[in-house]
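The block underneath contains the structure these notes are about, expressed in structure tokens.
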Amino acid sequence: MSEVPDSYDPDAAEQKWHEEWADSDVYSYDDDPERPDYIIDTPPPYPTGNLHIGNALGWCYMDFAARYHRLKGDDVLFPQGWDCHGLPTEVKVEENRDIHRTEVSREQFREWCIEHTNDQIGAMKETMGTLGFSQDWNHEYRTMDPDYWGETQRSFVEMASDGYVYQDEHPVNWCPRCETAIADAEVENEDHEGTLYYITFEGVGNDDIEIATTRPELLAACVGMAVSPDDERYEDRIGDTFEVPLFGQEVELIADDDVDGDFGTGAVMICTFGDKQDVDWWVEHDLDLRPVFTEDGKLNELAGEFEGQTIDEAKDAIATALQKSGHLNDEEPTEQSVGQCWRCDTPIEILSKEQWFVRVDQEEILEQAQAVEWFPEHMYSRLEEWTEGMEWDWVISRQRVFATPIPAWECEDCGHVHIADSEEVPVDPTTDEPAVETCIECGGESWTGETDVMDTWMDSSISPLYVAGWPDADFEPVQLREQGHDIIRTWAFYTILRTAALEDTIPWEDALINGMVFGEDGNKMSKSRDNFVQPEEVVEEYGADAFRQAMALGGQPGSDIQFQWKEVTSASRFQTKVWNITKFASGHVDESTADITDPAYRDADEWILSKCARVAESVAEDMEEYRFDSALREVREFVWHDLADDYLELVKGRLYEGRPGERKAAQHALYTALTASLRMLSPFAPFITEEAWSHLPTDGSVHNAAWPELPEGDTETERRGELIAAVAATVRGWKSDEGKPLNADLDRIEVYLDEDLPLDTYDLADTVNGPVYVEQGRPNIELVPVDVDIEHSELGPAFRDQAGAVIGKLEAADPAELQAELETEGHVEFDLDGETVTVDAEMFDIVEEQRSESGEEVVVLEAGDATVLVVE
RNA sequence: GGGUCGGUGGUCUAGUUGGUUAUGACACCUCCUUCACACGGAGGAAGCCGACGGUUCGAAUCCGUCCCGACCCA
């Protein structure tokens, strides 16, 4: 506890606490068997070197949850990993060093990739620290480290022995630029303007036929043609044979339900392979295989004179040739959806190659996914839809370098493929020999190591297993996965698949899905739109706490949020408020405050403490459900309006000049409510709360404190306190309206209540600056009933379809007569179509006004249930 | 084409187990320097709660149709 500076300097405080925390163990996971675990499966980001605002949103959510659960007493593990492997790094290294990866050894290339990755990680860690994220850096991991990718290999080996992993030749998505197979999840469909070519195929012993295609470059790969069986134009032509123009192979016309008769001429060509549909037809109708594309996206020898041209070149050249030969009848623009590599946007091809696959068991995955609790709930349907639409198994082999090696060798004598034993990992088959010396099939002793490597998702999809200590510890699902909705089909999907396959359970209990962060103009952030905001910019201007609050209040978790500078501004103002409250309080409390026994609480104290207790409970409920927006809103509301505006004003008198016992009660209540508020706020604003905490007579770090648990006070006392606060606020408002200073003297005020409620006038009198008299009943001034205020929620259900008519009667009646009847009878009666209806007192109120000509020096105010008379 | 989410004062946002007077923030206007705070306080203007229809005594909230936007999938 020390002198509190007049203003809060976020830069200095954040810097100070960031360093202090780094050297302490406030955020360390204790692996304490006595306390419940709260383990977060933190996303291992790709080390791009830049933690953007979208990442920051997700990390804010995790940090809110981590900090809240620490206060709740859970043993929190908030680790941080890095998903290092992958193509972008390879490309970056090639660029930076101006080489092609094949020009150096695999080892050298890998070395450079690791070096590059480490630099990128450093930059991102710094941003994480700036933003106040509370990872336990003793639990950092990098998927490129052997002790991580060794586990990736172990998981591969286990899945192979359980029949999940297999090797096969099957058509796969192929990126001709990256020159590797890619999984369905890594293909994105984009709409493009293309050209639809109408081409005549000459009949062989029958009439010609005209087909429409957007891909004439595939003519050499044509192995069939198809029409819809319901298409009358081609009714008698199924089985006819045609010659493929320019290339000469003969193909047959088949009927298939999947042909869209409305597209083009209703006849299409089947190639190996234009798209997945072609693969289906190829399998179903047992067609020939005529692969015409090379791995680097060119045409091969089957294309004859077009061999060696790129796909784009060949498209034009073949169209021109068709024109010359008279086969091209027409061309027109058309909308087409093109599958592209999600990393480089190159249109993908489908090639049939020997690859490694992971079997996709849709049912098993969905069963597990349903057992996970999704926040928001509807995010599950994203996963469900994707899973149900899966057509192909997951191809996990990549023809690249910087990735986890597939631990397998092929016997050079008999071709038998040997997969490493789980004791052997980590192992690189391109440099290491298998542990078995001879081939179990043929006894051969020469092995060729597998050069294919694994899909990077094979690394990251064991992250919950890895952070939970697998395989050394029995795997229990961790508590939280937080991620963006854009990677549900990849990271979430693969993680569920892998955990089901390896451990037959769910990876995590809760899946919290964050939305995207848009720019202030509501559009996606982009440099060209000039709506790009970096977290660091915000921190520089307003501090990390303000940034974090803005992220929390941007919207409910799951929905996309728009970054708003004004949210940052208002957060910053709120912090000033918190600071000033702390400054005020620190002048009134000392080391002995917390230990005051049996404080003689007055009504105001009871009120703020029970209110605080309820807020703490309700905020905790929100935090459990990851409703960060409403949690923070509620804390702010409490701190600003209840604690600062109302309570502080009420107890100033006692604090400044109360008798010792009365003063001590106020000090104790203030101390309790304020420190509870700081704790509730600390997940959102870790720096200012820590700084404020350190200026109050408290122990240790606010982040190691306990979530506030206050006893629920007596409700009657609380109601009295609330009424006092309401009267004080009303008088304050009136003074302001009258242009009077808040401390203006009043002759007296009289508070009239319908019931006998012994209000504690001590604080109130001091606050309004005049003596206070509490009376039961109605003030002795001339009040005129002017209106009825109908209580629809009481009246509506009671009268149902008569409600409209009853309301009409009440509104038409003279309020004075209603009041008279009410006072004598306790209810009012109406005649409704010959029927007498009784309207009870709780169904309406009579609104009264002071008669304007009274001319007295008296002001009548309404404060909650009380009528307040002010005499100047 | 299928699916999901959303459409609330100028802007962003809360509220949807139905209750008639819709929350807060930012911006705007007016007033107020009072012993934590003018980055404050008190107040004001500003909404046909996307449109239409239905259910109901009563609809931002429930149902239907449509329009618009975002995202996912084909």
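Quick caveat, the model's predicted, so the values are computed rather than measured. Order of the sequence lines sets the chain letters (A, B, ...), proteins ahead of strands, with each chain counted from 1.
For the residue pair A/Asn580 and A/Tyr8, no side-chain donor N or O sits within less than 3.5 Å of a side-chain acceptor on the partner.
Nucleic acid contact class of A/Thr576 (heavy atoms, under 4.0 Å, all strands): base. No engagement by A/Pro376 is indicated, since no non-hydrogen atom pair under 4.0 Å with the nucleic acid exists. Across all strands, A/Asp486 comes closer than 4.0 Å to no nucleic acid atom at all (heavy-atom distances). Heavy atoms of A/Gln549 sit nowhere under 4.0 angstrom from any nucleic acid atom. Base engagement by A/Ala644 is indicated by at least one non-hydrogen atom pair under 4.0 Å involving a base atom. Across all strands shown, A/Trp386 has heavy atoms under 4.0 Å from sugar-phosphate atoms exclusively, and none from any base. Using a 4.0 Å heavy-atom criterion, one finds that A/Gly796 contacts the bases of the nucleic acid, with or without backbone contacts as well.
Atom P of B/A60 sits at a distance of 14 Å from the matching atom of B/G9, rounded to the whole Å. Across B/C62 and B/G44, the matching C1' atoms stand 36 Å from one another, rounded to whole Å. Separation of the P atoms belonging to B/A74 and B/G64 is 28 Å when rounded to the nearest angstrom. The same atom, P, is picked in B/C29 and in B/G50; the two are 29 Å apart, to the nearest Å. Rounded to a whole angstrom, the distance from the C1' atom of B/C12 to that of B/U23 is 13 Å. Annotation: B/A59 and B/A45 have their C1' atoms spaced 27 Å apart (nearest Å). Rounded to whole Å, the P atom of B/G53 lies 45 Å from the corresponding atom of B/G40. Nucleotides B/G69 and B/U30 have their C1' atoms positioned 38 Å apart, rounded to a whole Å.
The two residues A/Gly58 and A/Asn514 come nearest to each other via the heavy atoms CA-OD1, 3.8 Å. Across all their heavy atoms, A/Ala550 and A/Val568 have their closest contact at CB-CG2, 3.7 Å. The nearest pair of heavy atoms linking A/Pro697 to A/Val589 is CD-CG2, 3.7 Å. In plain terms, the two heavy atoms of A/Gln362 and A/Thr387 that are nearest each other are NE2-O, 2.9 Å. Summarising the geometry of A/Trp386 relative to A/Ala185, their closest heavy-atom pair is CZ2-CA, 3.7 Å, with the distance given to 0.1 Å.
Of the listed nucleotides (B/A74, B/C57, B/C73), B/A74 has the atom at the smallest distance from the side chain of A/Asp191. Closest approach to the A/Arg732 side chain among B/G41, B/C5, B/C57 is made by B/G41 (side chain taken as heavy atoms from C-beta onward). With B/C26, B/C72, B/A70 as the candidates, the nucleotide lying closest to the side chain of A/Phe518 is B/A70. Candidate nucleotides B/C5, B/C26, B/C57 were compared by shortest atom distance to the side chain of A/Ser570, and B/C26 ranks first. Between B/G41, B/U4, B/C39, one nucleotide has an atom nearer to the side chain of A/Arg573 than all others, and that is B/C39. When the nucleotides B/C73, B/C71, B/C37 are ranked by their closest atom to the side chain of A/Lys577, B/C37 comes out on top. Relative to the side chain of A/Lys524, the nucleotides B/C71, B/U21, B/C73 differ in distance, and B/C71 lies closest.
Atom CD of A/Glu377 has 12 or fewer neighbouring heavy atoms from other residues, nucleotides or ligands inside a 6.0 Å radius. Heavy atoms from other residues, nucleotides or ligands lying under 6.0 Å from NZ of A/Lys664 number 12 at most.
Nearer to the 5' terminus of RNA chain B, by closest-nucleotide assignment, is the contact made by A/Arg627 (compared with the other of A/Asp645 and A/Arg627). When each of A/Glu637 and A/Lys652 is assigned the nucleotide of RNA chain B bearing its nearest heavy atom, the one mapping closer to the 5' terminus is A/Glu637.
B/G18 makes up no base pair with any nucleotide shown, lacking Watson-Crick or G-U wobble contacts both under 3.5 Å. Nucleotide B/C31 forms a pair with B/G41, judged by Watson-Crick or G-U wobble geometry with both contacts under 3.5 Å. A 3.5 Å limit on both hydrogen-bonding distances identifies B/G54 as the Watson-Crick or G-U partner of B/C62. Base pairing of B/G69 is made with B/C5, judged by Watson-Crick or G-U wobble geometry with both donor-acceptor distances under 3.5 Å.
Distance NE2 (A/His485) to P (B/C5): 13 Å, rounded to an integer number of Å. A/Glu188 places its CD atom 12 Å from the C1' atom of B/C71, with the value rounded to the nearest Å. Here the C1' atom of nucleotide B/G40 and the CZ atom of A/Arg636 are 16 Å apart, to the nearest Å. Between A/Leu795 atom CG and B/G19 atom P there is a gap of 16 Å when expressed in whole angstrom units. Between the CZ atom of A/Phe638 and the P atom of B/G24 there is a distance of 18 Å, given to the nearest Å. Atom P of nucleotide B/U33 and atom NZ of A/Lys740 are separated by 12 Å, given to the nearest angstrom. Rounded to an integer number of Å, the gap from A/Glu738 CD to B/G43 C1' is 12 Å. Note: CD (A/Glu634) to P (B/G15) measures 12 Å, nearest angstrom.
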Can you check nucleotides 7-13 of chain B for protein contacts, nitrogen or oxygen pairs under 3.5 Å, and list what you find?
{"from": "B/U11", "atom 1": "O2", "to": "A/Lys566", "atom 2": "NZ", "distance (Å)": "2.5"}

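In this structure, A/Arg481 is positioned above the aromatic face of A/Trp491, its NZ or CZ under 6.0 Å from the six-membered ring centre and within 45° of the axis.
Neither OP1 nor OP2 of B/G43 sits under 4.0 Å from any side-chain N or O of A/Trp734.
Between A/Tyr61 and A/Tyr626, the gap from one ring centroid to the other reaches at least 6.0 Å.
Taking only distance into account, the side chain of A/Glu791 never meets the base of B/G19 through a donor-acceptor pair shorter than 3.5 Å.
With sequence neighbours excluded, the residues forming a side chain to side chain donor-acceptor pair (under 3.5 Å) with A/Ser618 are A/Glu634, listed by chain and number.
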